K.L.:
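Here's a structure for you.
Bear in mind the structure is a predicted one, so any value in this text is a computation, not a measurement. Proteins get letters first, then strands, A, B, ... in listed order; numbering begins at 1 in each.
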There are 2 protein chains.
Amino acid sequence: MKLSRQFPLNALRVFEAVARHLSFTKAGEELGLTQTAVSYQVKLLEETLKETLFLRQPRKILLTEAGARLAPKVTEGFDILASALNEMQGVAEGTLIIHSTHTFASHWLARHLGIFQLDNPTIAVRLETSQAVIDFSKTEADLAIRVGTGEWPGLKSHFVMRNHFTPMLSPRLADTIGGVRDPLDLLKLKIIDPSDPWWRLWFTAAGYPDAPLESASRSRLGSQAVEAAAAIAGHGVAILRPDFYQDDVAMGRLIQPFDLTCEDGSHYWLVYPEARRQTAKVRAFRAFLQKTLPSFDKGPDSGIM
Amino acid sequence: MKLSRQFPLNALRVFEAVARHLSFTKAGEELGLTQTAVSYQVKLLEETLKETLFLRQPRKILLTEAGARLAPKVTEGFDILASALNEMQGVAEGTLIIHSTHTFASHWLARHLGIFQLDNPTIAVRLETSQAVIDFSKTEADLAIRVGTGEWPGLKSHFVMRNHFTPMLSPRLADTIGGVRDPLDLLKLKIIDPSDPWWRLWFTAAGYPDAPLESASRSRLGSQAVEAAAAIAGHGVAILRPDFYQDDVAMGRLIQPFDLTCEDGSHYWLVYPEARRQTAKVRAFRAFLQKTLPSFDKGPDSGIM
DNA sequence: TTTCATGCATCAGCCCTCTTGATCCATCGA
DNA sequence: TCGATGGATCAAGAGGGCTGATGCATGAAA
């Protein structure tokens with residue numbers, strides 16, 4: 001007997017319940033079926049096996065020898081299946097896989113995940129980072145932090161924080177030109193990745209739409225973290241998300257010469273597949289962001305700039 | 001997770017196959033499904049569990065952590081179910097439960113079953129006897145020997161032997177009246193159960209339709225075996241199936257004074273539910289009767305009288 | 001004994017699950 | 001660049017399985 005497609009697995013499940021209750025009606029109640037349906041399924045199974053499994057006596061049924069031999073093993077088999085599912089779900093519930101960009105991971109998550117772990121000691125966190133926009137069907141992340149407009153088909157998204165930027169540089173470098181007071185002062189220094197459109201946006205916002213930015217086609221360094229490192233080393237002025245470099249400012253490794261920040265319409269979002277919205281671990285992470293970030297889920301047009 | 005009605009068991013079976021092959025297409029081939037159907041079932045299971053089980057990569061799929069944890073247990077569970085079914089069928093195949101009347105069991109089966117057991121050493125035989133016409137849905141007999149016309153709805157029947165009868169008595173009793181030569185001589189003796197219609201049939205066949213049989217309403221002794229015992233003890237003349245008492249005749253305990261036998265239209269039949277026609281043990285028993293009884297399956301109107 | 005309650009079998013009809021076939025898409029290898 | 005491979009998606013259709021009504025047999029209660 002192979003459990004091939006033909007085999008009525010559901011009938012086996014019904015049999016298992018009937019064997020436990022020794023009653024078609026009761027089994028039906030357990031399974032949410034009518035007695036009629038139970039009768040049908042049992043008959044179907046008996047016909048498939050060519051074995052009578054129950055003796056129908058008036059007002060009660062008995063297991064035949066064959067049925068009595070079959071029942072305990074079937075119960076065991078279904079128990080194993082059920083526990084496999086439970087266990088899998090339990091373990092899955094217990095591990096939260098977060099995908100994020102390097103930048104967000106190192107500058108925000110790394111700093112705040114401790115709180116989450118304190119609040120949710122039973123949930124292990126695995127952090128996966130890459131610059132790519134991940135496809136939930138191709139990696140097994142439970143949720144991701146993405147930059148974008150918040151519109152992704154099939155995914156639920158919650159606003160996390162604005163994605164704004166402003167020039168930042170090392171105080172030593174600023175000193176070489178006697179300090180930075182006017183946006184144009186920046187042009188005296190080396191601009192790290194001047195082809196980044198953020199520079200044009202920022203200078204425009206600062207009132208200098210025509211600032212002469214070298215259009216040397218040197219590509220971006222790849223990630224903001226690398227650019228920041230270059231800036232800290234005094235190699236030039238980078239345009240960075242100030243939120244992420246508060247520590248460096250505090251430690252005197254970077255300064256933010258102007259309060260003016262800019263944005264390009266894309267922001268940080270928490271996203272996950274619609275289907276998994278209700279899982280406990282995702283809910284826990286959402287609650288954590290809610291608690292930690294005042295701007296969470298409020299949309300890009302509210303909250304502090 | 002309860003394996004309630006809602007749970008797509010079939011999808012779980014499909015998942016199991018996919019996890020083994022790591023291919024939707026291959027799994028489909030094993031199960032006799034199209035790749036489309038497999039895809040649907042896997043998706044259904046994933047939605048039910050709210051867990052991605054496979055990572056769909058181009059030209060290949062991988063199990064996710066959750067899937068990898070689930071697969072072996074699911075395989076184990078299905079293996080247990082499959083072996084339970086196999087085992088049950090094996091054991092069931094190995095035990096033949098025969099239902100029969102006391103008479104046929106003690107006078108024919110008991111004498112010949114040895115041959116069947118020699119021919120089929122792997123089949124254990126269990127004999128259940130009662131006078132009642134059994135209902136296959138209420139007892140777990142595989143087959144039965146019944147007396148009747150051979151017409152039972154839902155049951156397959158094979159003719160076994162004619163059901164004929166003739167007066168029999170102990171030789172000592174015959175001697176008390178100087179021997180039995182004419183049917184009317186029997187009337188000098190006590191007739192065991194004269195209300196049995198067989199007596200009237202036999203006397204009519206013998207040419208004495210008006211033989212004065214006491215119509216005392218004493219009920220039948222219940223079974224032919226009891227009546228035969230009474231006859232052997234010399235308590236009177238019984239009307240019996242001569243086939244069944246050859247031994248008693250040979251041992252001088254009974255005599256059959258007349259060759260004339262009669263019948264009432266009912267005969268011995270082998271019957272079993274249509275659905276079980278092809279099981280090995282039933283086939284073996286049919287073959288045994290075929291070999292042992294010249295009249296088997298030839299119908300009541302052929303063969304020796 | 002009659003009547004009621006229980007429990008399973010049967011039947012016809014319908015819904016919805018599941019399957020199929022066609023098509024599309026992405027990737028890998030030549 | 002093209003063909004082969006393997007999965008996803010879609011619309012359509014068939015058939016399996018469920019339901020509610022009904023029947024039947026029995027045991028319990030009146």
K.L.:
The criterion is salt bridge (Lys or Arg N to Asp or Glu O under 4.0 Å); which residues satisfy it with B/Glu65, sequence neighbours excluded?
P.N.:
A/Arg126, B/Arg69
K.L.:
If the condition is salt bridge (Lys or Arg N to Asp or Glu O under 4.0 Å), which residues does B/Glu87 pass it with, not counting sequence neighbours?
P.N.:
A/Lys73
K.L.:
Mind checking ring pair (Phe, Tyr, Trp, His ring centres under 6.0 Å) for B/Phe285 and listing every partner two or more places apart, or none if nothing turns up?
P.N.:
B/Phe116, B/Phe288
K.L.:
Can you list every pair that meets ring-ring contact (aromatic ring centres under 6.0 Å, His included) and has a residue in residues 30-52 of chain B, with sequence neighbours left out?
P.N.:
none
K.L.:
Please name all residues satisfying side chain to side chain donor-acceptor pair (under 3.5 Å) with B/Asp264, sequence neighbours left out, ordered by chain then number.
P.N.:
B/Trp198, B/Ser266
K.L.:
Whole angstrom is fine here: how far is it from CG in A/Asn10 over to P in C/dC16?
P.N.:
17 Å
K.L.:
What string of B, S and - do you get for nucleotides 4-12 of chain D, 5' to 3', if B is base contact, S is sugar-phosphate-only contact and - is no contact with any protein heavy atom under 4.0 Å?
P.N.:
BBSBBBB--
K.L.:
Report the distance from atom CG of A/Leu33 to atom P of D/dG20, rounded to the nearest whole Å.
P.N.:
12 Å
K.L.:
To the nearest Å, give me how far apart CG (B/Leu44) and C1' (C/dC16) are.
P.N.:
13 Å
K.L.:
Check the orientation of B/His267 and B/Phe159. Use parallel for under 30°, tilted for 30 to 60°, and perpendicular for over 60°.
P.N.:
perpendicular
K.L.:
Between B/Leu9 (CG) and D/dG17 (P), how many Å, whole number?
P.N.:
12 Å
K.L.:
Please tell me if A/Thr34 has a side-chain N or O lying less than 4.0 Å from either OP1 or OP2 of D/dT19.
P.N.:
yes
K.L.:
If I take atom CG in residue B/Leu31 and atom P in nucleotide C/dC18, what distance separates them, rounded to the nearest angstrom?
P.N.:
14 Å
K.L.:
Please determine if a side-chain N or O atom of A/Gln41 lies less than 4.0 Å away from the OP1 or OP2 oxygen of D/dC18.
P.N.:
yes
K.L.:
Rounding to an integer number of Å, can you tell me how far A/Glu46 CD sits from C/dA9 C1'?
P.N.:
12 Å
